[in-house]
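Here the structure is a predicted model, which is why all the values come from computation and not from measurement. For this chain, numbers begin at 1 and follow the sequence in order.
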Amino acid sequence: MSFNTWLENANVDAMAAEVQRNDPDILVLLEFGNEKRALLDKLKAQWPYQDDCRHLDHCYMAVVSKFPIVDFESHASWVGPPMVRASFGKELGGLTVIGTHTIRFPYMRAQLTQLNELADLIRKLDGPRVVVGDFNATPSSRLLATFEQRSTLRRLDGWLPTWPANFQIPQLAIDHIFASQDVKGLEKVRIGNAAGSDHYPLVVRVAVPVAP
């Protein structure tokens, strides 16, 4: 599950209820500032493995999981690609989950640089990979096409519009889920409830290869 919670959204109870309703194994939270710390506490019992990048300036992302996070890395917007990376153990086949939130229009040159850096990092990783987040780019954009080709990942989410949710009918598909070729989609990506955010979350069920 990938959820841009919106920096202005203070409805922690609604966000916690939406996460619990979808019950993901792994959740990536974006626009997740210190004021939402209570959400991590509410999720701790079911999602005990948690890490975030709030120690970095201008980095508002977190990963919570039902499975142990064996390695974690984070970068802020102007130091490498803006991302959090959580790597998992043998129970998930060495899966790596990356959450990202790129800069947006009109800074397209910087945005392309961020996505190229992220794609280069992804290509160096071993094992199954899933990349989620707010790309601030639509499926028909050069930005996403370049990222998909350079990263060698494939996009799973189709044209699901996720933003702006606070106008009742979302208009643009700017949140996305990518996966490596060894990750199998078991169902179509779906959108959840906004829970006070200006984005709808994305939820997908996938299978990863696990060694016998």
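For Arg85, the salt bridge (charged side-chain N to carboxylate O under 4.0 Å, His left out) partners are Asp71, Glu73, not counting sequence neighbours. Not counting sequence neighbours, Arg190 has no partner by the salt bridge (charged side-chain N to carboxylate O under 4.0 Å, His left out) test.
Expressed to the nearest 0.5 Å, how far CG of Asn136 lies from CG of Leu144 amounts to 10.0 Å. Atom CG of Asp134 sits about 8.0 Å away from atom NE2 of His176, to the nearest 0.5 Å. Atom CZ in Arg129 sits 6.5 Å away from atom CG in Asp182 (nearest 0.5 Å). Taken to the nearest 0.5 Å, the CG atom of Asn22 stands 4.5 Å off from the CE atom of Met1. With values rounded to the nearest 0.5 angstrom, Tyr60 atom OH is found 15.0 Å from Leu29 atom CG. A distance of 5.0 Å separates CH2 in Trp47 from CG in Asp23, rounded to the nearest 0.5 Å.
Within the 4.5 Å cutoff, the side chain of Val97 has no heavy atoms near those of the Val63 side chain. Counting heavy atoms from C-beta on, the side chains of Leu156 and Val206 come closer than 4.5 Å. With a 4.5 Å cut-off on side-chain heavy atoms, Leu143 and Phe135 do not count as touching. Residues Val19 and Lys42 are not in side-chain contact: their nearest non-hydrogen atoms beyond the backbone lie 4.5 Å or more apart. Within the 4.5 Å cutoff, the side chain of Glu91 has heavy atoms near those of the Pro68 side chain. Side-chain contact between Thr146 and Leu115 is absent, with no heavy-atom pair separated by less than 4.5 Å.
Shortest non-hydrogen contact noted between Cys59 and His75 is SG-O, 3.5 Å. Considering every non-hydrogen atom in both Glu31 and Leu7, the closest pair reads OE1-N, 2.9 Å.
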Step-by-step side-chain contact (heavy atoms from CB on, under 4.5 Å) determination, Asn166 to Trp6: CA-CA 11 Å; Asn166 49 359; Trp6 193 27; 4.0 Å; yes
Worked check of side-chain contact (heavy atoms from CB on, under 4.5 Å) between Ile26 and Val130: CA-CA 11 Å; Ile26 301 167; Val130 173; over 6 Å; no
Candidate pair Ser197 and Met15, rule side-chain contact (heavy atoms from CB on, under 4.5 Å), full reasoning: CA-CA 9 Å; Ser197 177; Met15 288 183 278; over 6 Å; no
Test side-chain contact (heavy atoms from CB on, under 4.5 Å) applied to Asn193 and Arg21, step by step: CA-CA 10 Å; Asn193 298 323; Arg21 184 181 73 84; 3.4 Å; yes
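If you chain together ILVMFWY residues whose side-chain heavy atoms come under 4.5 Å of each other, Ile174 ends up grouped with Trp163, Leu172.
At a threshold of 4.5 Å between side-chain heavy atoms, the hydrophobic network of Ile, Leu, Val, Met, Phe, Trp and Tyr places Ile98 and Leu112 in one connected group. Using a 4.5 Å cut-off between side-chain heavy atoms of Ile, Leu, Val, Met, Phe, Trp and Tyr, with links allowed through other members, Val210 and Leu95 fall into the same hydrophobic cluster. Note on Phe72: it clusters hydrophobically with Leu30, by side-chain heavy-atom contacts below 4.5 Å among ILVMFWY residues. When hydrophobic clusters are built by joining Ile, Leu, Val, Met, Phe, Trp and Tyr residues whose side-chain heavy atoms come closer than 4.5 Å, directly or via intermediates, Val132 is grouped together with Val189.
In summary, the aromatic rings of Tyr49 and Phe88 are positioned with their centroids too far apart to meet the 6.0 Å limit.
With respect to Asp41 and Lys44, no salt bridge is recorded, no charged nitrogen being found less than 4.0 Å from a carboxylate O.
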